[in-house]
Structures are given as structure tokens and as C-alpha cells.
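Read through the structure below, which is laid out as C-alpha cells, and then see the notes.
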There are 2 protein chains.
Amino acid sequence: MHGPPWWHGRFRGCGYRLTIPRDAILNVLSKASKHLSAEEIYFAVHKIYPAIGLTTVYRTVDLLAGMGLVHKFDFGDGRSRYELSKGPGSIHHHHLVCRGCGRVIDYTDFIDEEAELFKQTEAALSKKYNFKIKSHRVQFYGLCEKCKPKEENKE
Amino acid sequence: MHGPPWWHGRFRGCGYRLTIPRDAILNVLSKASKHLSAEEIYFAVHKIYPAIGLTTVYRTVDLLAGMGLVHKFDFGDGRSRYELSKGPGSIHHHHLVCRGCGRVIDYTDFIDEEAELFKQTEAALSKKYNFKIKSHRVQFYGLCEKCKPKEENKE
DNA sequence: ATGGGAATGGGAATCATTTTCATTAAGGGT
DNA sequence: ACCCTTAATGAAAATGATTCCCATTCCCAT
């Protein structure tokens, strides 16, 4: 748990500078338990470095997504959400999105089975469409246990 | 290919009215070969019924999504895109999204294998998280054959 | 320490989507 | 076919996330 965070290495020789704002944003993301919006990142970072602006958050998060350090998600609530991609302690997972309240549940169940199938699918699609696949998104939409009852009352 | 379009039946006794704008928008979507944005739908519909406003397009498309007649997608280009969901002639498919040019390729390969796995996954997730799953999205991101070479030149 | 390109931040600008509200039109009951 | 109730509509304004602009600041190789 000591020494520089793992992402420092990713900034070596790639032409980008590891600045205070970038490091701070990565720190916030690494501590976040959930998928943060740009504004949420801004508020969190602002507590430690009040000088960091929202514009920088957008730019940084975009850069990091380009570097593959963070994943950008859209859960249909009108704003993008970001999550550290790899790194220690993070497991590949997919999402369950509630259409009622917007809650997002990460799940890792069946990931192994999915992974196997996706590996095959990716290989075949890459070949067939001459497409270089870099990542994938899987999301299930529906109603969480709190919103299910509400929906039933409507009828 | 004659008689009223299949979706007319879906407006019976559901409390919603089948109006000219709604029918026109459904017609546009049924003829569209690709995923249209609200604005694209607006332009297409506008050619036939110039009185129909963009607001109505948004409202309608939202309603139709709620009814399950259309699917709403986000391919990361800053606007939502819509596609008729079921109906004759449409097959369940997933998407390949190019990060370079934004092109979207529909594919149906492996859908059967995926379907089987997803059926199991959905059942298990529903139970474990007490979640009512209504739909899913699968998207692969990467570079299409045109954008792959460009990317390589950057290095 | 210094010069130059990279990075930043604040405010204005952009652009998709939503809200408001006065007007219009579906479609069931007659 | 004609009302009548109420859902649906459209134009304009509002909203809200994200991006642009540009003067200033920062990093780092020399």
C-alpha cells in the first residue's frame, strides 16, 4: 500500500505529464466506490485542491479514457460516469441499471462464462468486420427491488 | 405489406392515442436502415408533415421507448439514437462501435450463443439481486477498418 | 534559471434535451 | 356525424452537461 500509485508508470514516455490535477483526479477515482460523474469528481477533488476547475476534470477524464486508465459509462441519466479501469483491486464487471431510480449494481457473476464467450465473439467479429476491438460494455436494464413494487401499482 | 402497420395494435387500450405525429415517426423508424438521432427523425418526418416539431419527436420517442416499441442507444457521440425494437423484419442484434469515426455496425453473429448465456445470466441476476430485467445492451468498442490505419500512424 | 510547449481555469458558448403553456385534435359516448 | 373530455402538440424559453477560448501558469530539458 506504499510507494507511488500504480498509474504513475503509465505516464512515463507517453508524452503526457502527470500533473497535480491529474494525480488528484486519479486518486479520487481510485478511492471511489462507485461510478462518478464529472461534477462529483470535481467536488471531491475540490476539497483537497480548490483551485482545480471543472474544465480540467472534463479534460483529464477524457485524456484518461483515451489512455485506457478509466472507463466512461452512460447509464441513461444524462451525464457520463467514470470509473478506474484496471489496477489492483478492481475486477472486471458488468452493470445492472435500474430504470426506476437509476441505481447501478456491479456484478461479477458469470463473468468467467461471459469472458469465454466474449473472447470467441471478439475474435470472430474482429476477423469478419476487420475491426480492432478494444473493449466492451454489457448492461442489463430493468427494475431494482425498490422500484419493482412501484411499477406494479401503476396498473 | 398492406393493411395498417403492425404497431397500430399496440396502441389499443393502453391509454395512449395513435396520432399523426406518432404514426409518422414510427413510419420513419420502420424505414430507417440505421439508428437515428432525434434530429434526424425530425428532419425525415418534417418532409412529410412540416408541422411536427422537434419537441414532439423527443416526447414520442420517449413514449415509444417506454412502450418497448423502440430502443434508445448511446454510442458516445453526444446524442441518443433510436431504433425500432421488434416487429417484422428486425432481428435482435448487438453493436460494434468505432471510436474513430463513430460508425456503428450491427451484428447478429453469435447471437444464439449469447442468447443462451444471457438467459442464464438474467435468471441468476434476477434472483440474486431481486431485479426485474427487461432488456440488455451489448456493445464492442474499437476501430473499424478505415480507422485502424490512421491510429497506427500516430505512433 | 530559462524558454517553450503543455496544462490549467474561469467564463462564455454550444448543443441536446426538457419544461411551460396556450392551442389543437383523438376517439369514446351520444 | 357530433360533442366533450383530456391527451397531445408546438413554439419559445429554460436547463444542464460539456466544450471552447484565451490569458496565465506550470513542467522539464537544456
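Chain letters run A, B, ... following the sequence lines, proteins first and then strands; every chain starts at 1.
Sorted by residue number, the list of members of residues 24-50 of chain B with any non-hydrogen atom under 4.0 Å from DNA chain D is empty.
Using cut-offs of 30° and 60° on the angle between ring planes, the pair B:F118 and B:H136 is tilted. Using bins of under 30°, 30° to 60° and over 60° for the plane-to-plane angle, the ring pair B:H35/B:F75 lands in the perpendicular bin.
One donor-acceptor pair, N or O on each side, does fall under 3.5 Å between the base of D:dA12 and the side chain of B:T55.
Rounded to an integer number of Å, the gap from A:H8 NE2 to D:dC27 P is 13 Å.
Remark on DNA chain C: of its neighbouring residues B:S80 and B:P21, the 5'-side contact belongs to B:S80, judged by nearest-heavy-atom nucleotide.
Checking the phosphate oxygens (OP1, OP2) of C:dA6, no side-chain nitrogen or oxygen of A:T19 falls inside 4.0 Å. At the phosphate of C:dT18, neither OP1 nor OP2 sits under 4.0 Å from any side-chain N or O atom of B:Y58. Contact check, A:R17 against D:dC26: no side-chain N or O comes under 4.0 Å of OP1 or OP2. At the phosphate of D:dT9, OP1 or OP2 sits under 4.0 Å from a side-chain N or O atom of B:R22.
Axis angle, first five pairs versus last five pairs of the helix from C:dA1-D:dT30 to C:dT30-D:dA1: 40°, rounded to 10°.
Note that B:R81 lies outside the cation-pi zone of B:F73, set by a 6.0 Å cut-off to the ring centre and a 45° limit from the axis.
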